[in-house]
Amino acid sequence: MWSVRADPKGGIRRSCGRKAPTAWFRSPLTQSVKAAAAGGAFSGKLQEGKSKEAEIKRINKELANIRSKFKGDKALDGYSKKKYVCKLLFIFLLGHDIDFGHMEAVNLLSSNRYTEKQIGYLFISVLVNSNSELIRLINNAIKNDLASRNPTFMGLALHCIANVGSREMAEAFAGEIPKILVAGDTMDSVKQSAALCLLRLHRASPDLVPVGDWTSRVVHLLNDQHLGVVTAATSLITTLAQKNPEEFKTSVSLAVSRLSRIVTSASTDLQDYTYYFVPAPWLSVKLLRLLQCYPPPEDPAVRGRLTECLEAILNKAQEPPKSKKVQHSNAKNAVLFEAISLVIHHDSEPNLLVRACNQLGQFLQHRETNLRYLALESMCTLASSEFSHEAVKTHIETVINALKASALSRTERDVSVRQRAVDLLYAMCDRSNAQQIVAEMLSYLETADYSIREEIVLKVAILAEKYAVDYTWYVDTILNLIRIAGDYVSEEVWYRVIQIVINRDDVQGYAAKTVFEALQAPACHENLVKVGGYILGEFGNLIAGDPRSSPLTQFHLLHSKFHLCSVPTRALLLSTYIKFVNLFPEVKGTIQDVLRSDSQLKNADVELQQRAVEYLRLSTVASTDILATVLEEMPPFPERESSILAKLKKKKGPSTVTDLEEAKRERSADVNGGPEPALASTSAVSTPSPSADLLGLGAAPPVPAGPPPSSGGLLVDVFSDSPSAAAPLAPGSEDNFARFVCKNNGVLFENQLLQIGLKSEFRQNLGRMFIFYGNKTSTQFLNFTPTLICSDDLQANILGPTKPVDPTVDGGAQVQQAVNIECVSDFMEAPVLNIQFRYGGTFQNVSVKLPITLNKFFQPTEMASQDFFQRWKQLSNPQQEVQSIFKAKHPMDTEVTKAKIIGFGSALLEEVDPNPANFVGAGIIHTRTAQIGCLLRLEPNLQAQMYRLTLRTSRETVSQRLCELLSEQF
């Protein structure tokens, strides 16, 4: 078949082009065209030409001859027509325009000879425009061939449809091709062509390909005996399922069954489809990609079989290679990486996630660049999983060493590998390793490629702010960042450090001292001068008592940089000088002399001149009280999301770093575990930690003065005056809710129209949740109204303002809604999120449980063994203890159990229980009205596959609720 072939990626590849490079003269297509063109005599004479002019002269002569033959009185036989049409095609492939012969090519389509029909279809596929007037005649000829039931002619017709792929052809044949595809008497080769042809039409005109009764039948092609048919059908089903997942959800079990047969087969079982000892690698990849269109199978048998397949693929990756050829390793790794992508997509099997992480870790030092890149990219995604994040962290030294080696290597020219290594360090960072990772990034920054320096700067700034426990470390880090890569430090970065210094009293003196010392370097970057000017102008008085940093010394130090700076920085320094007049009256005369100089009052820049004049007049005329009022210290900045994070998202692009991807990087371990910085406060406003300021959790949300609403919920009546009744909970809502008990981020709900993702953070009795609504269709959602519904009791115990969302959600777009939460008292229920909107004129109503649970307000507490059991005995009243004995629902894995207890929010206490197989934890539930201590003990029985869970708290209702939530996790 000459014009179309199946591509490993599932597409259709054309084998002809507009111009004719040298390779064309050796290609099979050109050789066949040359052979048909009068035995190759014409092409031979062309190659004998000694110049371009000679070639054009020979071609023009031949074109005149062909034109005369077509217009002559004597009718041409089929062979002659084929010969002359083939010559025209060959001339076109050489890069010359052809403006006749199209009708003769169409006439060849009605021939009963394969060679003549083949040349006619080839000419049409290459030269006929989709808007040609001949399309109707061509369509009639194609219809005749499709109805002929001759497999050869049907194949030629289908290839032509796919190659042209015009909207007119889609309208004519989109309803006919599915019938050919699912017909019982259609030959395998025709089924392959029909599936790929339908795929081409769907990609070109998706609205014209109908979804009807044939969809259920095409799914069963996954069971076809011919693997070529299965491969083509899988490509088609995968594309269709992305748009209409409900129509093709039955394909999941069939795909798992087919994948199982391939994975468990020996290479000799599939000889025709074994590629270098790897059975059917392309079909395996396509099946794994199809399964990524759906959540994990609900049927335990199908799910177990899929898990076995993935384990088998991971096991085969550990086996010694059966061939040293690169084709073997490429095919083997292609299946492996697609399997890991499916494991990551499901995010439900902790054992597989950890195994995938360990497997990828082996590739980090591989000599093959592509493998290192793919491993780094996959591990970036794995770092977002609750179950595999700790496993990813074990490879931190390997990633750092690989990054250093790559930077020093002269043979490694691919900057994308180093960029992915930086992305992985960023993704695996948490409070336990933040200082190490930031230090390594700063070290690498000095030798990093120029193209990624700005991105590294942004990531260092975000990590330093987010995980800062000691704010002196944060200030040192940002100043060091400016020193190393000042040219790449954007305004957002130095703005942010100033905001944080102003909002925190405890770091202001240190910041002033540090920037003063940094400015003493002979060469300072201009951004450092900006930071130094701003901070000394506000807090220079805090270090003025030291003779080494007296007011006059501070002024001379800043003014020594003045003439080396740009106009905006000079303007900032002039503002610093007038601030000094208020802070240090003893330097007033010196500063007035500077403002009075001709270089300022007669400056060519209007901004500088105006500032000098006004500041000089202000310092001369205004009294001390007026100066103090006008030049008072800057008030704390309002809390808001970091602009650095927004800039990083913008730089990476929406397709690379979406809000949901960022949400997955925010792990519950970061907020439920690890030490938290103490929140200091000023008389004006509660000053946030850098991490808190990212999500706006630094201060408690304002509580309304009046009583809470009597009905509705957190969002009641915010978005709609007359909402419709809420729908029942969506299928699977309870299961998704249970998954979020031990994690804070991920996809809460998904169907063919809508995806709901969560990113949340909780600290003591405060929380903030970002809800992401994604429109998976190409059509707008209208009257989009999310409402949070809870009972009166729950409403009274969970308070918080919310931000409304736009009532219109564009196709393919995502909107975000923030919900602020305060736990007033312990509660048992969970709120329901109801979403109502119109899609294509149809009213949609979806309800899901929102995972705001009591354990989210856990703060872990470390305790020694003696303290634990002493407290355990104190909570011995019957109403303070709740115990549950239950059957294990999941494999009893020690590491997974530990991860779930930590994710639940309590501290996991090692070497406390006399029985090392038991797990004990401790923590405090924070509410506005009380702090409730909690102790837990989990005793596994491996032989009986049972657990006994015991919880003791000072409140019976808290013990009951926590026991219910935690017992569902095992």
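FYI, the numbering just counts along the sequence from 1.
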Could you tell me the separation between the CG atom of Leu306 and the CG atom of Leu259, rounded to the nearest 0.5 Å? 7.0 Å

Determine, step by step, whether Met428 and Val399 satisfy the side chain to side chain contact (heavy atoms under 4.5 Å, CB included) criterion, reporting the C-alpha distance in whole Å, the side-chain angles of both residues, the deciding distance to 0.1 Å, and the verdict. CA-CA 11 Å; Met428 67 169 60; Val399 177; 4.2 Å; yes

What one should report as the nearest heavy-atom pair of Tyr839 and Leu753 is CE2-CD2, 3.5 Å

Between Leu758 and Leu850, does a side chain to side chain contact (heavy atoms under 4.5 Å, CB included) hold up when you go through it step by step? CA-CA 9 Å; Leu758 296 183; Leu850 200 62; 4.1 Å; yes

Do side-chain atoms of Ser760 reach the backbone of Asn744 as a donor and acceptor pair under 3.5 angstrom? yes

Just how far is it from atom SG of Cys429 to atom CD1 of Ile396, taken to the nearest 0.5 Å? 7.5 Å

Donor-acceptor contact below 3.5 Å, side chain Arg420 vs main chain Leu376: no

Is any side-chain heavy atom of Glu311 closer than 4.5 Å to one of Arg355? yes

Do Asn433 side-chain atoms and Ile437 backbone N/O form a donor-acceptor pair below 3.5 Å? no

What distance do Leu352 atom CG and Asp347 atom CG have between them, rounded to the nearest 0.5 Å? 11.5 Å

Return the minimal non-hydrogen interatomic distance between Thr897 and Tyr947, and the atom names on each side. OG1-OH, 3.8 Å

Do Lys743 and Phe387 have side chains that approach each other closer than 4.5 Å (heavy atoms only, starting at C-beta)? no

Side chain to side chain, Val741 and Pro851, heavy atoms closer than 4.5 Å: no

Thr894 versus Phe919: any side-chain heavy-atom pair under 4.5 Å? yes

Can you check whether Ala383's main-chain N or O pairs, donor with acceptor, with His389's side chain at less than 3.5 Å? yes

On a heavy-atom basis, the closest approach of Ile237 and Val218 is CD1-O, 3.7 Å

Using 4.0 Å as the upper bound for N to carboxylate O, is an ion pair formed by Lys776 and Glu750? yes

Tell me if a side-chain donor or acceptor on Thr785 pairs with a main-chain N or O of Asn783 at a distance below 3.5 Å. yes

Please round to the nearest 0.5 Å and tell me the distance separating atom NE2 of His395 and atom CG of Leu425. 13.0 Å

Passes ring pair (Phe, Tyr, Trp, His ring centres under 6.0 Å), Phe363 versus Phe337? Steps please. CA-CA 11 Å; Phe363 291 134; Phe337 277 104; 5.6 Å; yes

Does the side chain to side chain donor-acceptor pair (under 3.5 Å) test come out yes or no for Gln814 and Gln755, once each step is laid out? CA-CA 9 Å; Gln814 182 185 88; Gln755 183 187 67; 5.0 Å; no

Could you walk me through whether Ile835 and Phe749 pass the side chain to side chain contact (heavy atoms under 4.5 Å, CB included) test, one step at a time? CA-CA 11 Å; Ile835 303 100; Phe749 171 79; over 6 Å; no

Just wondering, do Leu288 and Ile313 contact through their side chains at under 4.5 Å, heavy atoms? yes

When you compare the side chain of Phe837 with that of Leu782, does any pair of heavy atoms fall below 4.5 Å? no

Pairs under 3.5 angstrom only: tabulate donor-acceptor contacts from the side chains of residues 962-970 to other protein residues two or more places apart or in another chain.
| from | atom 1 | to | atom 2 | distance (Å) |
| --- | --- | --- | --- | --- |
| Glu964 | OE1 | Arg961 | NH1 | 3.4 |
| Ser967 | OG | Cys963 | O | 2.8 |
| Ser967 | OG | Glu964 | O | 3.2 |
| Glu968 | OE1 | Lys889 | NZ | 2.7 |
| Gln969 | NE2 | Ala738 | O | 2.9 |

Could you tell me which non-hydrogen atom of Leu222 sits nearest to which non-hydrogen atom of Ala255, and how far apart they are? CD1-N, 4.1 Å

Are the side chains of Cys823 and Lys856 in touch, meaning some heavy atoms are under 4.5 Å apart? no

Side chain to side chain contact (heavy atoms under 4.5 Å, CB included) assessment of Phe762 paired with Ile821: CA-CA 9 Å; Phe762 297 86; Ile821 306 158; 4.0 Å; yes

Contacts satisfying side-chain hydrogen bond (donor to acceptor under 3.5 Å, both in side chains) that involve residues 297-309 (not counting sequence neighbours) are Ser260-Arg305, Arg303-Ser348

Side chain proximity check, Asp826 to Ile925, heavy atoms < 4.5 angstrom: no

Hits for salt bridge (Lys or Arg N to Asp or Glu O under 4.0 Å) against Lys393, two or more places apart or cross-chain, chain-then-number order -> Glu390, Asp430

Rounded distance [0.5 Å steps], SG in Cys742 versus CD1 in Ile902: 10.5 Å

For Ser388 and Leu382, indicate whether the former's side chain and the latter's backbone hold a donor-acceptor pair under 3.5 Å. yes

Closest non-hydrogen atom pair, Ala312 against Val263: CB-CG1, 3.4 Å

Output yes when a side-chain donor or acceptor of His345 lies under 3.5 Å from a complementary backbone atom of Pro296, and no otherwise. no

Quick one: side chain to side chain donor-acceptor pair (under 3.5 Å) partners of Asp810, sequence neighbours excluded? Gln780

Indicate every side-chain donor-acceptor pair of residues 238-248 with a distance under 3.5 Å to a residue at least two apart or in another chain.
| from | atom 1 | to | atom 2 | distance (Å) |
| --- | --- | --- | --- | --- |
| Thr238 | OG1 | Thr234 | O | 2.7 |
| Thr239 | OG1 | Ser235 | O | 3.2 |
| Glu246 | OE1 | Lys249 | NZ | 3.1 |

I need the full list of salt bridge (Lys or Arg N to Asp or Glu O under 4.0 Å) pairs touching residues 778-790, with sequence neighbours left out, sorted by first then second residue. none

Taking atom CG of Leu938 and atom NZ of Lys898, what is their separation to the nearest 0.5 Å? 12.5 Å

Establish, from distance only, whether the side-chain atoms of Asn765 and Thr927 form a donor-acceptor pair under 3.5 Å. no

If you compare all heavy atoms of Leu364 against all heavy atoms of Arg372, which two are closest, and at what distance to 0.1 Å? O-CD, 3.2 Å

Check whether Thr394 reaches the backbone of Ala391 with its side chain - one donor and one acceptor, N or O, closer than 3.5 Å. yes

Kindly say whether Phe784 contributes a backbone atom to a donor-acceptor pair with the side chain of Tyr773 at under 3.5 angstrom? no

